[in-house]
Amino acid sequence: MATKTKRSRARKTLTPEERQARVDELHAKITAQVEQLRGSDGWARFLSYARSFHSYSLNNLMLILAQRENATQVAGYVKWRERGRQVRDGEKAIKIFGFSQKRITETDENGEESTRVIPRFPILSVFDISQTDPIPGHPGVPENPVRQLTGDDDFGIVDDLTAHMTAQGWQVIREQLREGFNGYASGERQTIALNAAIAPAQAAKTMIHEVAHVTLGHTDDQADYVAHRGTREVEAESTAYIVAGALGLDTGSYSTGYIAGWAEKADADVMRETASRVLAAAQKIIEVLTPAAADHDLAA
């Protein structure tokens, strides 16, 4: 009988100084990636990653982008084994931040106990699917199936998001809009309108875009929206691009041109805030459309 070899995963013990040095190095990589978002090419690159890693925090998404720019799907060593894939020997791990909580019970001078919870952000190792091989004979787990977007099918997106918005007091209507206008969201009337003339596939993309406006708070103040219309439209379309991509729907031919108009003069703080808002909005909408698949990384 063949002896099964077990790969050693012993963790190296680090001093507090070494641990802090690693954290500082990772944060430096995050900062460098945020700087690169300032150009439209950098923004498009960020969105491409966000489609694949929408469940990760912004910091972890930036870390994956910095360490393996061709990554498409990441998981830990054990998780890959469960999915029927083996990380190849010698592959360099991608370092990200994890999240855990430590509960501490303290006793005061009167003998009374109190409990407090301390958040912790350990450094974790993950690997891209390109760093793994199938395990022979393992049934594995089907990788995210990609459903091609077709003109006559909205994949239930319009109905699902309509139900979601109706529960929040909004109405969704179809009406004839002039050519070039696919839809709009009115905060004053709490109404989302879709152009009655557009195909189901476009209706799905437009519905995500308009719900993104609501989720991002763009409909709360019309004057603010008008004053920052370019930024607001890019945020909404970027969110729609991420959501559609995460569901396997290709909207690139429509969204890329929309997003390309992003102002390249924005500073790093503005880019970080915008990227964070877009990612958070996309995560909320994806949860509505795929509630059973919600499995979010709560890292820093």
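Keep in mind it's a predicted model, so treat the numbers as computed, not measured. When a residue number appears, it is its place in the shown sequence, counting from 1.
Proximity of Ile64 to Ile96: side-chain heavy atoms (C-beta onward) are separated by under 4.5 Å at one or more points. Side chains of Phe121 and Asn59 form no contact here, defined as non-hydrogen atoms less than 4.5 Å apart. Counting heavy atoms from C-beta on, the side chains of His209 and Asn182 never come closer than 4.5 Å. Counting heavy atoms from C-beta on, the side chains of Met207 and Thr162 come closer than 4.5 Å. At least one side-chain heavy atom of Glu235 sits less than 4.5 Å from a side-chain heavy atom of His218.
A salt bridge links Lys79 to Glu82: one of the charged nitrogens lies within less than 4.0 Å of a carboxylate oxygen.
Val211 and Leu216 end up in different hydrophobic clusters when Ile, Leu, Val, Met, Phe, Trp and Tyr side chains are linked at under 4.5 Å. In the hydrophobic clustering of this structure, Ile285 groups with Val158; members are Ile, Leu, Val, Met, Phe, Trp, Tyr whose side-chain heavy atoms approach within less than 4.5 Å, directly or through other members. Cluster membership for Phe155 and Ile198, using ILVMFWY side-chain heavy atoms within less than 4.5 angstrom, is not shared.
The heavy-atom pair separating Gly169 from Gln190 by the smallest distance is O-OE1, 3.6 Å. Across all their heavy atoms, Gly187 and Trp170 have their closest contact at CA-CH2, 3.8 Å. Between Val214 and Thr219, the shortest heavy-atom distance links the atoms CA-OG1, 3.9 Å. Minimum interatomic distance between Asp160 and Val288 (heavy atoms only, all atoms of both residues): O-CG1, 4.4 Å. Nearest heavy-atom pair, Ala75 versus Arg83, reported as atom, atom and distance to 0.1 Å: CB-NH1, 4.1 Å. Residues Ala236 and Ala212 share a closest heavy-atom pair of O-CB, 3.9 Å.
Hydrophobic clustering, defined by side-chain heavy atoms of Ile, Leu, Val, Met, Phe, Trp and Tyr closer than 4.5 Å, leaves Ile173 isolated from every other such residue. By the 4.5 Å side-chain criterion applied to Ile, Leu, Val, Met, Phe, Trp and Tyr, Ile118 is assigned to a cluster that also includes Ile104.
No donor-acceptor pair under 3.5 Å is formed between the side chain of Asp154 and the backbone N or O of Ala204. Between the side chain of Trp80 and the main chain of Arg85, no donor-acceptor pair closer than 3.5 Å is present. Checked by atom type and distance alone, the side chain of Gln168 never pairs as donor or acceptor with a backbone atom of Met165 at under 3.5 Å. Checked by atom type and distance alone, the side chain of Arg103 never pairs as donor or acceptor with a backbone atom of Val117 at under 3.5 Å. At distances below 3.5 Å, at least one donor-acceptor pair connects side-chain atoms of Gln67 with backbone N or O atoms of Lys95.
With Glu237 as the partner, the side chain to side chain donor-acceptor pair (under 3.5 Å) test is satisfied by one option alone out of Lys205, Arg232, His213: Lys205.
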Check the pair Thr239, Ile242 against side-chain contact (heavy atoms from CB on, under 4.5 Å), reporting the backbone distance first and the verdict last. CA-CA 5 Å; Thr239 301; Ile242 292 172; 5.9 Å; no
| query | Going through the checks in order, is the side-chain contact (heavy atoms from CB on, under 4.5 Å) test met by Arg68 and Gln131? | reply | CA-CA 11 Å; Arg68 197 172 186 89; Gln131 299 174 278; 3.6 Å; yes
- For Ile135 and Arg81, run side-chain contact (heavy atoms from CB on, under 4.5 Å): C-alpha distance rounded to whole Å, both residues' side-chain angles, the deciding distance at 0.1 Å, then the answer. CA-CA 8 Å; Ile135 298 174; Arg81 293 276 306 177; 3.8 Å; yes
request  = Report the C-alpha distance between Phe97 and Ile123 in whole Å, list the side-chain angles of each, state the deciding distance to 0.1 Å, and finish with yes or no for side-chain contact (heavy atoms from CB on, under 4.5 Å).
outcome  = CA-CA 5 Å; Phe97 289 110; Ile123 297 174; 4.2 Å; yes
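A donor atom on one side chain and an acceptor atom on the other are not found under 3.5 Å apart for Glu91 and Tyr77.
In this structure, CZ in Arg88 is found 7.0 Å from OG in Ser130, a value given to the nearest 0.5 Å. To the nearest 0.5 Å, atoms CG (Leu161) and OG1 (Thr166) are separated by 10.5 Å. Note that CG of Asp133 and CD of Gln86 are 8.5 Å apart. Values are rounded to the nearest 0.5 Å.
Applying the 6.0 Å contact sphere to CD of Glu106 captures more than 12 heavy atoms from other residues, nucleotides or ligands.
Evaluation of the salt bridge (Lys or Arg N to Asp or Glu O under 4.0 Å) rule for Glu112 yields no partner, not counting sequence neighbours.
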